[in-house]
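Here, residue 1 is the first one in the sequence, and each next residue gets the next number. We count ligands from 1, going down the list as the structure has it; atoms in each ligand are counted the same way.
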Amino acid sequence: MRSNVDDARDRVLAARSIAVLTGAGVSAESGIPTFRSNGGYWRKFRFEDLATPQAFARDPKFVWAWYEERRRAIAASQPNAGHEALVAMENRTPSFTLITQNVDGLHERAGSRNLIKLHGDIWIVRCMTCGREHEERAALTEFPPKCGCGGILRPGVVWFGESLPAGAMERATDTVRAAEVLIVAGTSAQIYPAAGLIPLALAGGGVVIEINPDRTAFSSEVHFALHGPSAEVLPWLL
Ligand code: NAD
Ligand code: ZN
């Protein structure tokens with residue numbers, strides 16, 4: 001493992017362009033539960049009951065209660081050493097793009113700048129009637145919250161069955177195609193189109209480094225599968 005890490009670090013330090021794809025696992029050590037791993041939300045709930053437009057239409061109060069619980073947990077958390085290592089990597093790499101599936105905002109709070117958010121942002125609320133959106137960090141007082149126009153506000157995240165924010169996947173695809181190294185950290189790589197960035201990098205000849213305590217469907221295909229928590233392994237790459 002150690003020599004594997006040393007080889008991966010050499011590739012990272014030599015690269016002029018790096019793309020990174022993160023998932024819920026990079027926030028695990030900030031105390032935010034992941035979706036599919038042990039202790040993940042989906043062990044307790046069915047995603048069909050929480051993260052779909054149909055679920056929200058059926059019971060917006062229930063869905064908002066769950067999002068608000070997550071929002072409070074995130075507000076009380078701090079970026080971890082993994083988030084911070086990615087900021088340091090951005091600072092020393094000529095071309096660096098962080099593509100995240102996370103909606104928690106911890107990458108921004110750590111100081112990452114060139115960021116593509118594939119799945120939206122839990123701090124944005126959007127009106128289902130007039131379509132206006134704004135940042136809302138205060139604790140909700142009304143479930144569901146309402147817009148000035150009287151419409152119901154929804155979380156500004158991408159739910160199952162919805163399309164990604166305009167242009168986000170195109171930018172991510174271009175970035176991954178152009179990158180010498182793709183680092184994939186803390187994602188089960190089961191949700192598409194985001195997971196499709198991994199075979200795209202492999203097909204294009206990029207070096208792919210996966211960081212995850214568990215194996216994923218791509219572990220045997222990537223160049224480096226570094227098994228461990230991202231808050232520990234990401235700093236090793238610098
Ligand atoms: P995931 O829960 O599917 O996978 C998390 C991964 O992190 C696992 O592979 C796990 O082994 C790994 N992990 C756990 N602890 C770790 C650590 N300390 N360091 C590194 N890795 C660790 O999460 P995902 O892959 O991000 O899921 C993909 C997307 O599915 C999510 O971004 C989300 O958009 C979507 N999703 C959304 C909702 C929603 O409410 N909108 C619900 C479920 C899934
Ligand atoms: Zn409105």
Which of the numbered atoms in ligand 1 are below 4.0 angstrom from a heavy atom of A24?
23 (O), 24 (P), 26 (O)
Which of the numbered atoms in ligand 1 are below 4.0 angstrom from a heavy atom of R70?
40 (O)
Looking at H227 and N212, would you say the former's side chain and the latter's main chain have a donor-acceptor pair under 3.5 Å?
yes
With E108, which of R113, H83, K117 fulfils side-chain hydrogen bond (donor to acceptor under 3.5 Å, both in side chains)?
K117
Cation-pi check for W64 against R154: NZ or CZ below 6.0 Å from the six-membered ring centre and within 45 degrees of the axis, yes or no?
no
List ligand 1 atoms under 4.0 Å from D214, heavy atoms only on the residue side.
11 (O)
Checking the N or O distance criterion of under 3.5 Å, is ligand 1 in contact with T187?
yes
Regarding S30 and Q78, is there a side-chain donor-to-acceptor distance under 3.5 Å anywhere?
no
Compute the shortest N/O to N/O distance between E29 and ligand 1 and return yes if it is under 3.5 Å, no if not.
yes
Judged by heavy atoms only, the candidate from G23, G186, P155 nearest atom 5 (C) of ligand 1 is G186
Contact between I99 and L115 at the side-chain level, heavy atoms closer than 4.5 Å - yes or no?
no
Heavy atoms only, cut-off 4.0 Å: how does Q101 contact ligand 1, side chain, backbone, both, or neither?
both
At a non-hydrogen distance cut-off of under 4.0 Å, which region of Q190 contacts ligand 1 (side chain, backbone, both, or neither)?
neither
State, yes or no, whether a side-chain contact exists between L98 and I116 at a heavy-atom distance under 4.5 Å.
no
Would you mind listing which atoms of ligand 1 come within a distance below 4.0 Å of any non-hydrogen atom of Y67?
39 (C), 40 (O), 41 (N)
Less than 2.8 Å from the Zn ion (ligand 2) is the window; count the protein N, O or S atoms in it.
4
Distance-only, no hydrogens or angles: does the E68 side chain make a donor-acceptor pair with backbone N or O of L140 under 3.5 Å?
yes
Evaluate whether atom CZ of R72 has more than 12 neighbouring non-hydrogen atoms of other residues, nucleotides or ligands under 6.0 angstrom away.
yes
Of the choices P213, G25, S27, S188, which has the non-hydrogen atom that lies closest to atom 4 (O) of ligand 1?
S188
Ligand 1 atoms nearer than 4.0 angstrom to some heavy atom of A51 are 39 (C), 40 (O), 41 (N)
Could you tell me whether the side chain of T93 and the main chain of E90 form a donor-acceptor pair under 3.5 Å?
no
Any side-chain heavy-atom pair of F96 and V20 under 4.5 Å
yes
Using a 4.0 Å cutoff against the non-hydrogen atoms of W66, which atoms of ligand 1 qualify?
40 (O)
Check whether any side-chain heavy atom of L86 lies under 4.5 Å from a side-chain heavy atom of T22, and answer yes or no.
yes
Pair E210-I198, side-chain contact (heavy atoms from CB on, under 4.5 Å): steps then yes or no
CA-CA 10 Å; E210 181 183 68; I198 303 164; 5.6 Å; no
Relative to the heavy atoms of S230, which atoms of ligand 1 are at a distance of less than 4.0 Å?
17 (C), 19 (N), 20 (C)
Out of D121, I74, V26, which one pairs with D104 under the side-chain contact (heavy atoms from CB on, under 4.5 Å) rule?
I74
Could you tell me whether ligand 1 has any atom less than 4.0 Å away from a heavy atom of N212?
yes
Which atoms from ligand 1 have a heavy atom of V158 less than 4.0 Å away?
41 (N)
